[in-house]
Every structure is written in structure tokens, then in C-alpha cells.
Amino acid sequence: MKKVAILGSTGSIGTQTLDIIRANSDKLKVHSLVAYSNVEKLTHQAQEFLPRFCGVIERDGEECLVEAVKGADIAVVATRGIVALQSVLYCLEHGIDVALANKETLVCAGELIMPRVGKARLLPVDSEHCAISQCLLGRGDSSVNKILLTASGGPFWNNDEKTLGTVTAKQALAHPNWNMGAKITVDSATMMNKALEVIEASFLFSVPVNKIQVVVHRQSIVHSMVEFDDGSVIAQLANPDMRLPIQIALLGHGNYKCQSVDFTKLLTLTFEQCNFNKFPCAQLGYEIFKYSPLSRTVMNAANDIAVESFLHGKLSFSGIYNIIIKTVERFAGDASESELSVETIKYFDKAAKAYAAELINGVIC
């Protein structure tokens, strides 16, 4: 029985992870559950799965995340922000595999995380990065010419730039293909999620960002592709269902089967260039490497505050990018003079959030 720690058990990825465990109860066992604040839902989960440990981040602090992974075989990291960074490092140093559904961990701390992979595995749960790993099976990454990272384009792909400034949070949360949490759904609408995924892919697959291309694929059937040096391209296709990459991380190809792609009904698969002028947040995945590593933490923190403000009607949709880039530029010098560590990541995360909040409260965007 593989013992599974679930960090972020009450969110979308956490609850779908529990679906996989139910379907594979002869192979998987819940070792621990951690929620951010939803005690009621966590209690119901604990009553069903009887974990060794339960924690609530808002109540117990970050320490509960490290306690939760102790003794586990694999940790599914589905928390938001950098709160799980210390627990991910603990896992990798103690031979506990990490199924990573949290973008911020590699975005902010890729240089700290990747050298520790070896004793334990780092398994991507994002549909795009899981797809890339499947495309690389049997080929390795030495012959990779380009990674083609697909993007749905979100709900506003066909909007013109003028109307983007007036879209509402309700409209942004209506993703055409995926059912996700509010923050990542807004990130999909701004295409900030692609900036974060470009950075993730660079670390996961040891590929420079100039060999990663964002391709807009509206149908969300092709989850990513890899072009090799011989000119051939391998793609991974599946209906949108996050249970598939979760299962692959936990078991390889286990008992869960998503709905098959019906090629008799699927008439067209389309691919378009990403419009970085209309969606400038997507370009940040490339531009941020002009700055020091800690600037990625600043970028991520500013985006967190900007998205939260947009959801509460305090910031326009197009203002999200403005807040991010102003915050990055404000801290560029300080970040370049500081060494990357868990402590400095936490410091710049807090400082950038405070500065971004001040900008939003004092500036009309």
C-alpha cells in the first residue's frame, strides 16, 4: 500500500486525488490530509479515509505541512502559494516522492528544488507537464528541439483589447473547458498560468525558455507536444480531466480511465500563436529571466494580490499585468543583491504582496 499525503485536500486537485484513491483502495492509502481553512470539508474527508494526521494551515501554521508528509511514500502538493516549499524540500531530502500540482514551488525555488531530485522523484500533476513527460517516454530529453506548451486561451481569447478592460470576475471564472479553483481560472483568463508553466517546464525538463513555445489550442484535447531534433513531433491527447495526470503521478496507468477521445465527433483541432500583445502576462514567463531568480517570487506574489483584487472588484482585468510589472521593477535591484533561499523567498513574497496592495489601493489601473 502506497501511503499518500495530500496537502490541499479540500481543493479541486485534492478532492480529485481522493477519487483516485477510492478507485484504487487496494494500492493507495491516505496517510495525511491538510486543508487551508475548510475544517468542515476536512472533517468529512477524515471520517471517510481515517488518516494518521490532519492539519489546517490557517490554524496550525506551515509546520503542519512538514508533519503531514513524515512517513508518507508520496505527497500530493496542491496548496496555493509558497506555503508548501519547506515540506517539498523535506520530502526530496527524505526520499518521499512529490506529485506537484503547485506551480509556485518551481517558479520561486526551482534552483533549490531540482538539485534535490534523485533520492525522491518530482512528478508533475499539471496536465501540460504530465503530457510532456509522457511524450518523452523512451526518448529522453537530449534530443528535444522544442517543447510546445498548449494553452486553452481562456474565456477571452476572441475578445479585442478594448473589451478586455471591462470584463468581470464572473466572466473570467467561466472557463470553457476546465473546472478549477478561482485563482487558477483567472490565471488562465490572463494567460499568466502559461508564464508560470513555461518556467516550470524549463526546470522540470532542463530546457531553456527559448526552446519552449506557447501554442493556443482551444479544444484542450492536445495537452502538450514535444518536437525532436529529427523534426518529428509527439503529442499527448486526452479529454480534459485532471484525474488522469493525478493517477499517472500516483500509480502510472492504474484503474481510472477518463472518457476516450471520440475521433468520429472531433472534427477539428486548431493551433494558433499566442497573442502576447493582448495577453502580456503570458510573456512574463520569458521576460522574467532578464531579472534575478528572486524576481520570480516578486512576480508571483504581485500576481496573487492582483488576482485577489480583481476578484473583489478592486482592480480591472487589464490592470493585473500593470501591477505585476510595476512590482517586479520596484524590487529588481533588491532581488539581484540577495541570495536565493527559503528565507529570502518568504521575505520577498511578503514584501511584494504588501507593495502590490499599496499600488492597488492608491492607483487606478
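Given the structure is predicted, the values throughout are model-derived calculations rather than measurements. Any value given below was found using the heavy atoms of this structure, including those in side chains, with hydrogens, waters and symmetry copies removed.
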Tell me, with the steps shown, if Y321 and T190 meet side-chain contact (heavy atoms from CB on, under 4.5 Å). CA-CA 8 Å; Y321 173 79; T190 64; over 6 Å; no
Strictly below 4.0 Å, N to O, side chains only: are [X] and [Y] in salt-bridge contact?
X    : Y    : answer
D160 : K162 : no
K314 : E308 : no
K346 : E343 : no

Side chain [X], main chain [Y], donor-acceptor under 3.5 Å:
X    : Y    : result
R80  : K183 : no
N24  : I20  : yes
S338 : A335 : no
E337 : D334 : no
H217 : V222 : yes
K2   : L250 : yes
S32  : A5   : no
S318 : G165 : no

Taking atom types as modelled, is there a side-chain donor on [X] or [Y] under 3.5 Å from an acceptor on the other?
X    : Y    : answer
Q47  : T43  : no
E227 : N145 : yes
T344 : S341 : yes
S224 : E128 : no

Angle class for the Y286/F276 ring planes (parallel below 30°, perpendicular above 60°, tilted otherwise)?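 Geometry flag for F276 against Y286: perpendicular rings.
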Indicate the ring-plane relationship of H129 and F205, choosing parallel, tilted or perpendicular according to the 30° and 60° boundaries.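 Because their plane-to-plane angle is under 30°, the rings of H129 and F205 count as parallel.
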Which residues satisfy the side chain to side chain contact (heavy atoms under 4.5 Å, CB included) test with C135, sequence neighbours excluded?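 Side chain to side chain contact (heavy atoms under 4.5 Å, CB included) check on C135 returns V226, I234, Q236.
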Work out which heavy atom in F331 is nearest to a heavy atom in A351; give both atom names and the distance.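 Reported closest heavy-atom pair: CZ-O, 3.6 Å.
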The test is salt bridge (Lys or Arg N to Asp or Glu O under 4.0 Å); show your working for K326 and E329 and say whether it passes. CA-CA 5 Å; K326 287 177 182 177; E329 290 172 350; over 6 Å; no
Mind checking whether [X] and [Y] have side chains closer than 4.5 Å, heavy atoms only?
X    : Y    : result
V342 : Q86  : yes
C281 : M191 : no
L33  : V30  : yes
F310 : I323 : no
L284 : M192 : yes
I113 : V88  : yes
V216 : T150 : no

Show your working on side-chain contact (heavy atoms from CB on, under 4.5 Å) between L85 and E62 and close with a plain yes or no. CA-CA 9 Å; L85 176 55; E62 295 180 21; over 6 Å; no
Determine, stepwise, if the pair I13 / M242 fulfils side-chain contact (heavy atoms from CB on, under 4.5 Å). CA-CA 7 Å; I13 295 296; M242 282 306 299; 3.8 Å; yes
Show the numbers, then the answer: is there a side-chain contact (heavy atoms from CB on, under 4.5 Å) between T17 and I246? CA-CA 6 Å; T17 299; I246 294 168; 3.6 Å; yes
Please, which pairs that meet side chain to side chain donor-acceptor pair (under 3.5 Å) have at least one residue in residues 92-116, sequence neighbours excluded?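 Pairs touching residues 92-116 that pass the test: E93-R116, D97-R121, N102-E104, N102-T105, K103-D126, K103-E197, E111-R296.
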Residues that E200 engages under side-chain hydrogen bond (donor to acceptor under 3.5 Å, both in side chains), provided they are two or more places apart: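 Here no residue qualifies.
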By side-chain hydrogen bond (donor to acceptor under 3.5 Å, both in side chains), which residues pair with K29, not counting sequence neighbours?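 By the side-chain hydrogen bond (donor to acceptor under 3.5 Å, both in side chains) rule, K29 matches no residue at all.
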Per the salt bridge (charged side-chain N to carboxylate O under 4.0 Å, His left out) rule, what does the pair list look like for residues 276-292, sequence neighbours excluded?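 The answer is none; no pair qualifies.
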Filter on salt bridge (charged side-chain N to carboxylate O under 4.0 Å, His left out), then keep only pairs touching residues 34-43, sequence neighbours left out; what's left?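 Matches after skipping sequence neighbours: none remain.
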Tell me whether L359 is reachable from F348 by hopping between hydrophobic residues (I, L, V, M, F, W, Y) whose side-chain heavy atoms are closer than 4.5 Å.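 Yes, because F348 and L359 connect within a single hydrophobic cluster, where side-chain heavy atoms sit under 4.5 Å apart.
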Any link between V298 and L340 through a network of hydrophobic side chains (Ile, Leu, Val, Met, Phe, Trp, Tyr) touching at under 4.5 Å?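 Yes, because V298 and L340 connect within a single hydrophobic cluster, where side-chain heavy atoms sit under 4.5 Å apart.
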